[in-house]
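Working notes, structure below.
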Number of protein chains: 2
Amino acid sequence: MARNVHRSPVMADVAKVAGVSHQTVSRVLNDHPNVRRETRERVLAAIEGLGYRRNSTARALVTRRTNTLGVVAFDTTLYGPASTLYAIERAAREAGYFVSIVSLRELTRDDLSEALDHLARQQVDGLVVIVPQSAIAVALADMPQPVPVVTVEGDAGVGLPVVNVDQRKGGALVTEHLLRLGHRTVWHVSGPQDWLESQARIQGWRETLEAAGAPVPEPMYGDWSPRSGYRCGQILAGVPDLTAVFVANDQMALGVVRALHEARMRVPDDVSVVGFDDVPESEFFTPPLTTVAQDFAEVGRKAIELLLDALDGEHADGAANGSPPRPATPPVNIVVRPHLVVRRSSGPPRSR
Amino acid sequence: MARNVHRSPVMADVAKVAGVSHQTVSRVLNDHPNVRRETRERVLAAIEGLGYRRNSTARALVTRRTNTLGVVAFDTTLYGPASTLYAIERAAREAGYFVSIVSLRELTRDDLSEALDHLARQQVDGLVVIVPQSAIAVALADMPQPVPVVTVEGDAGVGLPVVNVDQRKGGALVTEHLLRLGHRTVWHVSGPQDWLESQARIQGWRETLEAAGAPVPEPMYGDWSPRSGYRCGQILAGVPDLTAVFVANDQMALGVVRALHEARMRVPDDVSVVGFDDVPESEFFTPPLTTVAQDFAEVGRKAIELLLDALDGEHADGAANGSPPRPATPPVNIVVRPHLVVRRSSGPPRSR
DNA sequence: GGGTCAATTGTTAACGTTCACAATGCCTTT
DNA sequence: AAAGGCATTGTGAACGTTAACAATTGACCC
């Protein structure tokens, strides 16, 4: 009596049908060159016939590679992280990797460690960390099995390879745009103070103002949410001589515009407002929002590219055991350039 | 000369240090009851001391469970899917599962099959499929190793367990709200025709109109994007006697409002507009958008709950081999209720 | 005081791959 | 014609865990 009624076929089953050894089946599956064409075809036919699929777990056990990449992201509900994640997943899958994700709800050290721990348990081959704080480096040191890591929007100073949008440049683009329109200065609603992206955008904004000899107002800090933008907008509405505001993301810009609107200030007639991110909605805001487009997809693709390179390198190292311990590669820092998208929310200041 | 300089410790190493057999270590790790307290403590100390971590791959090989759940979603860039995914990931992780995702860019049969194939290769223990078309059922039939599946926003008619928001109810809520305000009828900008969500919202809208004896205009079809809403809005601006529009999501509603605005029609004074989803931005639109809130997080949690139940059931089945082949459970269909959020984009029709 | 039972621990054999090495056959070279 | 080399295939042993079963101990019962 067949006792393997419901067992799915394994390599040995294929081997038996094809009249070869299991090792030959393995060779066919792994595209080993030295298999006779006829043999290969017989094996493939057997595979097809049995509906065989290779057991990736067994494979991972012996190769010590799970073919899985881990992604740690913060709040994938937001458009930016979501888009980046999407591109990462696509690129990884195309390269034959599985993608395991952890979405953080808070940016605490504990949550981050726990996330890394989780992924380490799964024995991921590599990590992409989309976490906008420098605390990552510390947490990564805890990783029991050091795996290749690529950070996105991370701190370039901590020695990990990083893929970044040039946020500083973005802040500068916005500020130049507004100054060129004739504004005397530009106010700024920033993201949270401890986000690297916030800091870089502030820097670009401040440097541009200073270079132009324009006064530098105190920046205000939101939390990326429309609501926080709204609150800042209410305060801004009371600022005398306000003519231009650079808001660090589109969602907050929406809140700012709303607050100004309620205070009977027109955008852009009375006040110009510029956002950041170019979310799909921003073109249809009232008025359509001038903003900075970031190529999130490109960032995701680059991150995977970098990570796969690192994996290949590691693999090669493992084989050539005697190679120098570390090739002392220069710190990798891929920068993606943002660009300004001018719409109707920005214009020249009202002539007085 | 230790040759295991850089090898991470395995169970046998722990066993040696603790002076027990590897099997006892395994028992400790799996909370097996019959281990003497003192022995357990010695083993735990050894684990701690060596920094041992269990190799989940080897474990998966023998238990035939990867502790990984697969999620197939369509366009996780959108707020709804992203939020659902977020909740799923959280719930799964809390239950000790890993989450592997595949984001579809198109809803073709091929892409779906490929996604399922990908996850099957990874030997996921279960699947959550967030795909809003009935084509899933067909593709799922191709799954080589049938695994428990829960669908989200899927077709309740195909026999798979499903977690849904009551979209029909949502459509009805909106339509009732507008009729009650005094509108003679309500126009509708729908999502794509082949989406189940679109269909259900249309149904709720149509039924409510019919029940009230109101005329039922021909619905218009967008693709969820603000741009498509804008195009529909341009057409709507030419409709005589237009006083109320129900738009099937907030993004398209934004486009509709924009188009009406450009046509010099005021919202809500001239036309009331109601959206769907309650994205965080909608409260800050101009004007703040009346919409329908869906509890995406709840949907995600329920989906995982259902899936874990199915996994437990399957596990039990496997143990009690002689149990009846299928308990013939009634089709599971969890329904989450949406609710109306009234803001300023809807109001009574202009008195004529 | 022997026997039964439960608690605790150990031994051996899977799980399904890939790796290392051996074996075979055939062709080329000298 | 022997030797060497290459292409092709097979054999046995890992990989690190859990499952099944056996062995040992001590308590308890009649």
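Proteins get letters first, then strands, A, B, ... in listed order; numbering begins at 1 in each.
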Which part of the nucleic acid, if any, lies within reach of B:T63 when heavy atoms closer than 4.0 Å are counted: base, sugar-phosphate only, or nothing?
sugar-phosphate
Check whether more than 12 heavy atoms from other residues, nucleotides or ligands sit under 6.0 Å from atom CD of B:E106, and answer yes or no.
yes
Quick one: which of C:dT9, C:dT17, D:dT9 gets closest to the side chain of A:A58?
C:dT17
What nucleotide, of C:dT17, D:dA7, D:dT18, holds the atom closest to the side chain of A:R59?
C:dT17
At under 4.0 Å, does any side-chain N or O of B:S21 touch on OP1 or OP2 of C:dT9?
no
For C:dC15 and A:T57 - does any side-chain N or O of the residue sit under 4.0 Å from the phosphate oxygens OP1/OP2?
no
Tell me: CG of A:D31 to C1' of C:dT18, nearest whole Å?
15 Å
Whole angstrom is fine here: how far is it from CZ in A:R36 over to P in C:dC26?
10 Å
Which one, D:dT9, C:dG10, D:dT11, comes nearest to the side chain of A:Q23?
D:dT11
Taking the side chain of B:R27 as heavy atoms from C-beta outward, which of D:dT9, D:dT17, D:dA20 is closest to it?
D:dA20
What about A:R64: does its side chain form a donor-acceptor pair under 3.5 Å with the base of D:dG16?
no
Can you sort out which residues in residues 39-50 of chain A have a heavy atom within less than 4.0 Å of DNA chain C? Ascending by number, please.
none
Separation of B:N30 atom CG from D:dG16 atom P, in whole Å?
17 Å
Measure from CG on B:L61 to P on D:dA14 and round the result to the nearest Å.
17 Å
NA contact type, B:N55, heavy-atom cut-off 4.0 Å: base, sugar-phosphate, or nothing?
sugar-phosphate
Measure CG/A:N34 against C1'/D:dG10 and give the value in whole Å, please.
14 Å
Whole-Å gap separating C1' (C:dC15) and CZ (B:R65)
16 Å
Looking at B:L104, is its backbone amide N or carbonyl O close enough to the side chain of B:D111 to form a donor-acceptor pair, meaning the two atoms are under 3.5 Å apart?
no
Can you give each donor-acceptor pair under 3.5 Å made by side-chain atoms of residues 82-90 of chain B, sequence neighbours left out, with the distance rounded to 0.1 Å?
{"from": "B:S83", "atom 1": "OG", "to": "B:Y79", "atom 2": "O", "distance (Å)": "2.8"}
{"from": "B:T84", "atom 1": "OG1", "to": "B:G80", "atom 2": "O", "distance (Å)": "2.9"}
{"from": "B:E89", "atom 1": "OE1", "to": "A:S103", "atom 2": "N", "distance (Å)": "3.0"}
{"from": "B:E89", "atom 1": "OE1", "to": "B:R93", "atom 2": "NH2", "distance (Å)": "3.3"}
{"from": "B:E89", "atom 1": "OE2", "to": "B:R93", "atom 2": "NE", "distance (Å)": "2.7"}
{"from": "B:R90", "atom 1": "NH2", "to": "B:E94", "atom 2": "OE2", "distance (Å)": "3.3"}

Going from CD on B:Q122 to CG on B:D117, what distance comes out if it is rounded to the nearest 0.5 angstrom?
12.0 Å
I'd like to know if the side chain of A:R42 and the backbone of A:A18 have a donor-acceptor N/O pair within less than 3.5 Å.
yes
Determine whether a donor-acceptor pair (N or O, by modelled atom type, separation under 3.5 Å) exists between the side chain of B:T39 and the backbone of B:V35.
no
Among the nucleotides C:dG10, D:dT11, C:dT17, which one has an atom lying closest to any side-chain atom of A:R54?
C:dT17
Name the closest nucleotide to the A:M11 side chain, picking from D:dG16, C:dT17, D:dT9.
C:dT17
Interatomic distance where CD belongs to B:Q122 and C1' belongs to C:dG16 [whole Å]
17 Å
Strictly distance-based, threshold 3.5 Å: is any side-chain N or O of B:D312 a donor or acceptor partner for the main-chain N or O of B:D309?
no
Judged by nearest nucleotide, the residue sitting upstream toward the 5' end of DNA chain C, A:L29 or B:V20, is B:V20
Out of D:dA7, C:dG16, C:dT18, which nucleotide sits closest to the side chain of A:H22?
C:dT18
Rounded off to whole Å, could you give me the CG-to-C1' distance for the A:N67 and C:dT18 pair?
14 Å
Closest of C:dT9, C:dT17, D:dT17 to the B:V62 side chain is D:dT17
Please answer whether the main-chain N or O of B:E153 pairs with a side-chain N or O of B:N164 as donor and acceptor at a distance below 3.5 Å.
yes
